[in-house]
Number of protein chains: 2
Amino acid sequence: MITTQINPQSSSTIEVSNCLFLKALAQQIRVNDSYGTYRLWSDELLLKPFVVSKEQKRKISVEGEVDTITKGRILAFYRAVAYRIEQETGQLAQVVVDLSHEGFGWVLVFCGRLLVVSKTLRDAQRYGFISFEKLIEEGENLVQKGIDYINRFPEVAKN
Amino acid sequence: MITTQINPQSSSTIEVSNCLFLKALAQQIRVNDSYGTYRLWSDELLLKPFVVSKEQKRKISVEGEVDTITKGRILAFYRAVAYRIEQETGQLAQVVVDLSHEGFGWVLVFCGRLLVVSKTLRDAQRYGFISFEKLIEEGENLVQKGIDYINRFPEVAKN
């Protein structure tokens, strides 16, 4: 189970409260925590499963279907991207994930008629980042690009 | 099973060869017919399950998951829309369907960064049109609107 694995290399460096993207990500997970399972967990602990080392990835089979927990993690990540774009631009952003049973698929984030994020996924069973730094880099990069698209095509984003 | 149901009211009026949209729709179904199940079927017979009367719809439960055949039909319809938009504009169009287990969800067709079709679905278990005329009307309407969006925002569609 990836859920309970902890990557010791990153565990000491992470400070969720200093990072808007990580805060948004933790929030997305808590929003779906209807039974309060994570109520007493710190944000740091909540986000640890997003870090998956190369070695751990290799051990995860890409044969079967993507499990529900991994799917939830993918959705939480892109919802955090959408939420940050909303915060910065005031534009409502929707997330759509279309994953085949083989772990291939699309993730789209859109504002009005504008796709602010458009990504293909593969081997989604192995979803994760090699470090928190990489997670933040990828998340903030997507947020920034999304904002740039909205600034370039404001009329489409409002349509 | 809706698959084998035939709606006698519409069966006499349909002429697939005269309608670009119906031709595209039949083609989308044949593309996925890897085992040649429908090889000897006429296009007319192939498309009949898309017509579902109000009474038939009422009899289909919206409690369970959307079955694979209905999902395939939804995908075929929007792929036909995408194909027709490609034919008319030369822009590659992708289809993404994100359906929850309860029959709610999104259908998106996009060219580059532009959403040319953006629709929410509900009660997808009951997917179908009350007549072929309604099917054609809906399909051609979506194609035309998609083309209009591409003409309005060509830079976004190419991005």
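Bear in mind that the values here come from a model prediction, so they are computed numbers and not experimental data. A, B, ... follow the sequence lines: proteins, then strands. Residue 1 opens every chain.
- Neither the backbone nor the side chain of B:Val107 comes within less than 4.5 Å of any heavy atom of chain A.
- For the pair B:Arg113 (side chain) and A:Leu115 (backbone), a donor-acceptor distance under 3.5 Å is present.
- Under the 4.5 Å side-chain contact rule for hydrophobic residues, B:Leu46 and B:Leu135 share a cluster.
- Hydrophobic clustering, with ILVMFWY side chains joined whenever heavy atoms are under 4.5 angstrom apart, keeps A:Phe110 apart from A:Leu121.
- Here the side chains of B:Leu114 and A:Leu114 are not in contact, with every heavy-atom distance at 4.5 Å or above.
- If you chain together hydrophobic residues whose side chains sit under 4.5 Å apart, B:Ile150 and B:Val96 never meet in one group.
- Across all non-hydrogen atoms, the minimal contact from B:Val156 to A:Val156 is CG2-CG2, 3.8 Å.
- One distance of note links CG of A:Asp98 with CH2 of B:Trp106; it measures 14.5 Å at 0.5 Å rounding.
- Neither the backbone nor the side chain of B:Leu99 has a heavy atom closer than 4.5 Å to any heavy atom of chain A.
- If you chain together hydrophobic residues whose side chains sit under 4.5 Å apart, A:Phe104 and B:Val97 never meet in one group.
- Counting non-hydrogen atoms of neighbouring residues, nucleotides and ligands closer than 6.0 angstrom, the NZ atom of A:Lys71 exceeds 12 such neighbours.
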